[in-house]
Chemist: 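Below is one structure. I have some questions about it.
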Amino acid sequence: MSARAHTTAVLSLMRATGVTVYDGRVPDAPSYPYAVLYPDLGMLTPPMLTNVSCELTMTLYVHAVGTTRDQAQWVAEKIRDALIDVRPAVTGRHLWPIRQDITRPPERDDTLPAVVVFDQVATYRLRSVPASAA
Amino acid sequence: MTSRDFDVDTREIAALALTFQRSPANLGKDIVKVTEVAAMKTKVAAQGILKGAVSQRQRDSSGRFTKSARGPTHLPYIANSIDYDIRPIWMGVSAEVGYNKDKPQGPLGNIVEFGTSKNAPLPALLPAFDAEVPVWQRLLEAIVAKGAI
């Protein structure tokens, strides 16, 4: 039930777009535009009619950041196209297609010292069970 | 692709519609009641996450939270800014749980919930909602089953 393996698979999909992708931490001087992934640990729950918590549901928080609204939206769309309805491959797990959950309008962030950026947030859901249970 | 990709059997839906037509008058009241309780529990669970009283993620087999997590110490009022609101809508009821922007630190709710361009989120509402929805759905099913008797 490795959330890490799921995260790695998602990062691979994101990086295949060619967009700069950061994994949970943005450096002090990032390369704009970029996307940053904040995955949660996922909820482990028992699938229907069972009592073993082996179904993993992860929420993936993706920030698409650019120096203009257009840049942020371009990154957000590239990432969405790479993730939505895709089944990442994770050894030993059966994954359902990634679904989009929440999206928000781009927000202007003027709290950074040297640059004003636009931040477009979207969340995605990733669900899996052990391959033997699928 | 053929013109018939799937078949839909609506007999059970028709039976459910009949069930609703036969339902006692207080069915709607029960639905409002369990929806309000679900909204309140979502609010309390989200506040608990932010106050560090409970974990966002770990539950034992009986559904109780088992791990503790730290709340955001720089946002001491954010948890208490979470509110819920319930209102009747046409043919149903609507419940809304969220950060009340009129309360101290309430306007910072989006930053907490979704993070920023350089800071990770500290989700509270979404995990609380995810945990409560299955309970709420089971209660709704029980109400419908009661109405079908």
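Keep in mind it's a predicted model, so treat the numbers as computed, not measured. Note on naming: letters A, B, ... go to the chains in the order of the sequence lines (proteins, then strands), and numbering restarts at 1 for each one.
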Chemist: Does any backbone or side-chain atom of A:R25 lie under 4.5 Å from a heavy atom of chain B? Answer side chain, backbone, both or neither.
Modeler: neither
Chemist: Please say which of A:Y22, A:F118, A:Y38, A:Y34 ends up in a ring-ring contact (aromatic ring centres under 6.0 Å, His included) with A:H63.
Modeler: A:Y38
Chemist: What part of A:P30 is in contact with chain B, defined as an atom under 4.5 angstrom from a non-hydrogen atom: side chain, backbone, both or neither?
Modeler: side chain
Chemist: Check each of A:L60, A:I102, A:T103, A:D101 against A:Y124 using the side-chain contact (heavy atoms from CB on, under 4.5 Å) test, and report the only one that passes.
Modeler: A:L60
Chemist: In terms of heavy-atom pairs under 4.5 Å, which option from A:V52, A:V121, A:T111, A:V26 contacts chain B the most?
Modeler: A:V26
Chemist: For the residue pair A:H94 and A:W96, categorise the inter-ring angle as parallel (less than 30°), tilted (30 to 60°) or perpendicular (more than 60°).
Modeler: perpendicular
Chemist: Give, as side chain, backbone, both or neither, the part of A:T45 having an atom under 4.5 angstrom from any heavy atom of chain B.
Modeler: neither
Chemist: I'd like to know if A:R69 and A:D119 make a salt bridge, using a cut-off of under 4.0 Å between side-chain N and carboxylate O.
Modeler: no
